[in-house]
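Everything on this sheet refers to the single structure shown next.
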Amino acid sequence: MSFYVTTPIYYVNAQPHLGHAYTSIAADVLARHHRRRGDDTFFLTGTDEHGEPVADAARAQGLEPRAWADLNAEKFKALLPAIGVAPDFFIRTTDAEHKRRVQEVLQRVYDNGHVYKGLYEGWYCPRCADFKTESEILDGNRCPIHEIELTREQEENWFFRLSAFQGRLEQLFESQPDFVAPARARHEAQAFIAQGLQDVSLSRAKLRWGVEVPWDEGHVFYVWFDALLNYYTALGYARAGEDLTARYWPPSVHLVGKEILKFHTLYWPAMLWAAGLELPRQVFVHGFLQGSDGRKMSKSLGNGLDPFAVLERYGADALRFYLLRDVSFGGDGNVGMDAVASRYEAELANEYGNLVSRTLAMLVRYRDGRIPEAPVDPVLESELASLAAEVAAAIDGVDPSGGLELIWQRVRRLNRYVEERKPWELARDQDASTSLDSVLVTLHRGLQVVTTELGPYMPDTSARVLQALAAIPLEVIPPLFPKTP
RNA sequence: GCCGGAGUAGCUCAGUCGGUUAGAGCAGGGGAAUCAUAAUCCCAAGGUCGGGGGUUCGAGUCCCUCCUCCGGCACCA
């Protein structure tokens, strides 16, 4: 079975921040999980580099758009290894191969009769040489940048016949309710359709920084059509000399933030139909990370969480754990450094890290680091045996937070088990040797099970602990999650 | 304004189809234990389920209304 997961491609104008890290980490956890269970897995991320804001920013820096994009794309690329994220390919929409394929697909959309020439009318700023959207203009129809009055102008544009897909989209949401998840995201998409869809412009005549429209060279494609197609084009050239399209298309799941729901749940399926391509199986819409005060993170409020500060203090595994543990994936959540510290100390250091420490210490002290020959305690056997399947079901359903909770129930269970069986008392009693063997084997086995399941979430930690548990003789290792880092 | 979502313990959240005494973690309180990173475990306490009204034998759950917050509102990405 193949599994193809994507993140949105990140717009190069922004600096990499927590939101980018969040989606990338979630996608990475899904990818690692599926890969481990044997699915033929492909994980795509990348950068979106066209459109007017990029051209503007480049100009402001005195750079060519491409040079500016190169600079910023590097920052996004560099973020990934720092947070333990390992995609199979990093696409840039300025890749020549991407552009060629965008033209190919959209030419097909054109040939299939879904495109027509129309008039785009809007508010135009002569100083910006650009149209402004209704939402950004100031009172009195003034430019948000120059504060001068805008003029009503028209431009000849190519339009995509989105309205023609209204019925098909309605049908899609009814017949395939999990196309958009969670349910509240689907409701939002359906409400949007119910309002009635209008055609959208597919090209821009006044802009140069984009993919040229092959049937009309004076135009470039509107950046969203270029950007969405990355999910398709990447498969064509991610591996030199190999086309992966047949192997991975259609995508299993697109992870997206809720601010881009409309593009992924309405425009995207319509465009794929228009091009005669298969639809992704699911668009999963996750929530927003908000500041610890429950408000949107912003520099002026000073309520943001800096991923780089977390990395520096606690490391990549702790950041990955924290984000998926403290915020139920799919909903919004509040995050902050205090909460990171609290999860780190209470759960990673005290509960899990200390469980590793005490288990290894007892095996070393009581059995010279040898794992005794004894059966796993039947009290815990079934609980441990069922964990892998339960976690798999959770992650398959794009609920990584749920999977983590299931793992943590076992971590707590194992600490409780230690207290119940009191191995230090058994060790003082000559007649209890068999019981002690069984307790130690059970703890060793339990740790192996939970640590294996933690693999997709905390790859480094998981690998280190599994190695320590396999060493002969076993040795005490330094604290995995030291306090007061 | 319109559309969608949220409001449950001091904090973060779960709560299925309307059904017994509304659950968990953290923080705070009390205790046990000494294998361990002073880490763990147990116990008790903690609630006007945002306000008001309605339906029902019965409402955190369904309906109406009001308040607060978040996102979107069509071509900024």
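The structure displayed is predicted, hence computed values, not measured ones.
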The nucleotide from B/rU34, B/rU37, B/rA77 with an atom nearest the side chain of A/Trp424 is B/rU34
When rounded to whole Å, the OH to P distance for the pair A/Tyr352 and B/rG25 reads 21 Å
Review point. So, A/Phe284 versus A/Phe329, ring centres under 6.0 angstrom or not?
Key: yes
| Which whole number of Å gives the distance between the C1' atom of B/rG25 and that of B/rC62? | 30 Å
Legend entry - Rounded distance in Å between the P positions of B/rG1 and B/rC66: 10 Å
(Q) Any base atoms under 4.0 Å from A/Leu360, or only sugar-phosphate, or nothing? Heavy atoms, all strands. (A) nothing
Give me, pair by pair, the N or O atoms of the protein and of nucleotides 38-40 of chain B that are less than 3.5 Å apart, along with how far apart they are.
{"from": "B/rA39", "atom 1": "OP1", "to": "A/Lys483", "atom 2": "NZ", "distance (Å)": "3.2"}
{"from": "B/rA39", "atom 1": "O5'", "to": "A/Lys483", "atom 2": "NZ", "distance (Å)": "3.3"}
{"from": "B/rA39", "atom 1": "O2'", "to": "A/Asn350", "atom 2": "O", "distance (Å)": "2.7"}
{"from": "B/rA39", "atom 1": "O2'", "to": "A/Asn354", "atom 2": "ND2", "distance (Å)": "2.5"}
{"from": "B/rU40", "atom 1": "O2'", "to": "A/Arg358", "atom 2": "NH1", "distance (Å)": "3.3"}
{"from": "B/rU40", "atom 1": "O2'", "to": "A/Glu419", "atom 2": "OE2", "distance (Å)": "2.9"}
{"from": "B/rU40", "atom 1": "O2", "to": "A/Glu419", "atom 2": "OE2", "distance (Å)": "3.4"}

Rounded to whole Å, the CG-C1' distance (A/Leu404 to B/rC13) equals 15 Å
* Any sub-3.5 Å donor-acceptor pair from A/Thr442's side-chain atoms to A/Ser438's backbone N or O? -> yes
Between A/Trp158 and the options A/Phe225, A/Tyr222, A/Phe221, A/Tyr110, the ring-ring contact (aromatic ring centres under 6.0 Å, His included) test singles out A/Tyr110
Atom OH of A/Tyr322 and atom P of B/rU12 are separated, to the nearest Å, by 11 Å
Base-paired stretches in RNA chain B with three or more consecutive Watson-Crick or G-U pairs, both distances under 3.5 Å, amount to B:1-7 with B:67-73, B:10-13 with B:23-26, B:29-32 with B:40-43, B:50-54 with B:62-66
**Asked** Taking the same atom, P, in B/rG7 and in B/rG51, what whole-Å distance lies between them?
**Response** 13 Å
